[in-house]
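Comments concern the structure below.
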Number of protein chains: 2
Amino acid sequence: MKDVAARAGVGLKTVSRVVNGEAGVTADTERRVQEAIEALGFRRNDSARVLRKGRTASVGLVLEDLADPFYGPLSRAVEEVARAHGALLINGSSAEDPDREQELALALCARRVDGLIVIPAGADHRYLEPEMRAGIATVFVDRPAGRIDADVVLSDSFGGARAGVAHLIAHGHRRIGFIGDQPRIHTAVERLRGYRAAMEDAELAVDDAWVSLGSTEPRRVREALAAMLSGPNPVTAVFAGNNRVTVTAVRELAGREGPVAFVGFDDIELADLLGITVIAQDAAALGRTAAERLFRRLDGVDDAPARTVLDTVLIPRGSGEIPPAQEVSAQGRRPR
Amino acid sequence: MKDVAARAGVGLKTVSRVVNGEAGVTADTERRVQEAIEALGFRRNDSARVLRKGRTASVGLVLEDLADPFYGPLSRAVEEVARAHGALLINGSSAEDPDREQELALALCARRVDGLIVIPAGADHRYLEPEMRAGIATVFVDRPAGRIDADVVLSDSFGGARAGVAHLIAHGHRRIGFIGDQPRIHTAVERLRGYRAAMEDAELAVDDAWVSLGSTEPRRVREALAAMLSGPNPVTAVFAGNNRVTVTAVRELAGREGPVAFVGFDDIELADLLGITVIAQDAAALGRTAAERLFRRLDGVDDAPARTVLDTVLIPRGSGEIPPAQEVSAQGRRPR
DNA sequence: GTGAAAGCGCTAACAG
DNA sequence: CTGTTAGCGCTTTCAC
């Protein structure tokens, strides 16, 4: 910038004015400055600008895994809102590791992002308190913040799971299995709670063997599924706690003989063709809502932290409407 | 930091040493500084650090759409490599708009990312020349750079498409359709070239009505498909140019009567259950390879820009092995 | 309308 | 081992 000023024969501040489109520069002067900028291939150094202005025009997003088809659209939605506010998005994957979540969140704070959106992997976010006090607006999404008071945007995991299981019950099932994510993940617990509530609503007892929380690794899901489908008291229907579980469960069930009814939490691509009934949540809406709240905070709105819960939708496509095997024998499943 | 120094009763540089874990500080002094840091909730301001050091320890990635299941894993792979090198990843979506690509790439350069990975939307990247000369290492991935000499990492679009179409030909098809992305996208053109090469290899003529390039919007794809399946000279097999086209085509074909053979470029989730034969490319490997090349550049390796081409794999799953409807009955086999 | 000087928070390069 | 000084490139303030 110094070089540009020298070449154009003007002061430093004048170049700054031109670069930032501020008023108070003659058309002629401006032209001379523009020429110098062009000739020198000058581009403003935003690091220096940030240092001076205090705002970085960027927001951070800590999520679980960018490669997960649920988080991709969420991140994209945040990006679009950020873009509308002239901000860039820096996102990082925690890989569901609380330490890595913290490391990433603090690294983003050190970069002085204006705001932070976090999909919690851990259960304790007090480490963010100093940062929030220092002025970094923070919104939690998909899962609530732990041990800290902050804005939260969630899907209705409890209600969604309850509706999905009630749907299976309405179709005649009495023995229903639940396979979910790790018990330290809030949504997993909420969805299990929804499952239990639906069973209780229908006055159905739950056999411990029907419930399995744990990793979403295919092997773990396969074993859980096999266990609840065999044994003395096998289930006739299965509810899956998230998209990863659904994918593996659908694969397994497709390879089996008898029909097993199925409903999964989260919609997945081509589920329509496979006839999979799901409880769909809107990942993009989740991201958009969280980002909008964040920017409202950045615009100075300072009301109490709020919890927003977005509805889920039951989409019947066939797999959830299969009656229990005993009641109606071998009703064909849809091929391909 | 000044405050920390004052509170700990030490010099500024000593605090800097502690914060950066440099040697040359007594255990006792260090403890005092740590206490002050704790008490004041101090966190180093990376903007200032960057300004001083010249390196931001961040890389930029300009891609088409983070919500696309092909780019999610690619981005994640880049992130992992960046993380291994202590760098953060800033990514932005161009939405397949050349202007937006340029805007984003330049914004990242203004932030002084150390390196840039670009999935081109546009065909002319000379706008990056000054930046590259100014020291921002740049690698193009998935599609080649336009009018500029730079590192490029690609999948073998031509070879993959050729193999896929040859596969259909080997299964008896003579009239094969091709539906691809916009003709200004390099991979679309390459894949079409592969299609033509395979047809030529088999000495098959190509009817113009069988080939359709354009948007991947479902409506456009549906219309293209309907057109080549009706008319005087209908195709018996279809090759899809990318994942988006595949999804729509598979939906459409599932709703039709007669069997139409199908092979798609790009693997998609649950394609195994749907029995879709695909040419799979490894998005993660693409990202990893590009990122590794980028960091090699950042480590000072300065050989000539190279073009790396990754192989694709044909995965037969059923849809590509269906024989043509007419031929089967002509040979007297009973269709079932 | 324009420019000189001060300083954002940090680190490199030297002193002590 | 520790501290002082001088900037990194920009914007802010205030004078011209």
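These values consider heavy atoms only, across backbone and side chains, with no hydrogens, waters or symmetry-generated copies. Each chain gets a letter, A, B and so on, in the order its sequence line appears, and its residues count up from 1.
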> Once you round it to whole Å, what is the distance between P of C:dA12 and CG of B:Leu12?
Replying inline: 13 Å

> Angle, rounded to 10°, between the helical axes spanning five pairs at each terminus of the helix from C:dG1-D:dC16 to C:dG16-D:dC1?
Replying inline: 30°

> For B:Lys53 and C:dA13, what is the distance between atoms NZ and C1' respectively, to the nearest whole Å?
Replying inline: 14 Å

> Does B:Arg44 reach the side chain of B:Arg49, with side-chain heavy atoms less than 4.5 Å apart?
Replying inline: yes

> Atom CG of B:Leu51 to atom P of C:dT11: distance rounded to whole Å?
Replying inline: 11 Å

>> What range of DNA chain D does chain B touch, first nucleotide to last, counting atoms under 4.0 Å from its heavy atoms?
In response: D:dC1 to D:dG9

> So does A:Thr14 get a side-chain nitrogen or oxygen closer than 4.0 Å to the phosphate oxygens (OP1/OP2) of C:dG3?
Replying inline: yes

> Between B:Arg111 and A:Asn45, do the side chains contain an N or O donor and an N or O acceptor separated by less than 3.5 Å?
Replying inline: no

> Do we see a donor-acceptor contact under 3.5 Å between the side chains of B:Ser58 and B:Thr56?
Replying inline: yes

> Within less than 4.0 Å of OP1 or OP2 of C:dG1, is there a side-chain N or O belonging to A:Thr29?
Replying inline: no

>> Quick check: any donor-acceptor pair below 3.5 Å linking the side-chain of A:Arg52 to the base of C:dG7?
In response: yes

>> Using a heavy-atom cut-off of 4.0 Å across all strands, would you classify B:Arg17 as base, sugar-phosphate, or nothing?
In response: base

> With no hydrogens and no angle check, do the side chains of B:Glu101 and B:His125 hold a donor and an acceptor under 3.5 Å apart?
Replying inline: yes

>> Strictly below 4.0 Å, N to O, side chains only: are A:Arg31 and A:Glu38 in salt-bridge contact?
In response: no

> Expressed in angstrom and rounded to an integer, what is the separation of B:Phe42 atom CZ from C:dG9 atom C1'?
Replying inline: 8 Å

>> With a cut-off of less than 4.0 Å, is there a side-chain N or O of B:Ser47 near OP1 or OP2 of C:dC10?
In response: no

>> Whether the B:Asp65 and B:Ser93 side chains hold a donor-acceptor pair (N or O, under 3.5 Å, no angle test) is what I'd like checked.
In response: no

> For A:Arg44 and B:Thr26, take the nucleotide of DNA chain D holding the closest heavy atom to each; which residue's nucleotide lies nearer the 5' end?
Replying inline: B:Thr26

>> What contact category does B:Lys13 fall into here, base, sugar-phosphate, or nothing, at under 4.0 angstrom with non-hydrogen atoms?
In response: base

>> Let me spell it out: for each of B:Asn45 and A:Gly24, pick the nucleotide of DNA chain C with the closest heavy atom. Which residue's pick is nearer the 5' end?
In response: A:Gly24

> Of the nucleotides C:dG3, C:dG1, C:dG9, which one has an atom closest to the side chain of A:Val10?
Replying inline: C:dG3

> Which is true for A:Asp46 with a 4.0 Å heavy-atom rule: it touches a base, it touches only sugar-phosphate, or it touches nothing?
Replying inline: nothing

> Salt bridge between B:Arg288 and B:Glu79, side-chain N to carboxylate O under 4.0 Å?
Replying inline: no

> Can A:Asn91 and A:Ser75 be counted as having a side-chain donor-acceptor contact under 3.5 angstrom?
Replying inline: yes

>> Does either side chain, that of B:Ser155 or that of B:Gln281, offer a donor lying less than 3.5 Å from an acceptor on the other one?
In response: yes

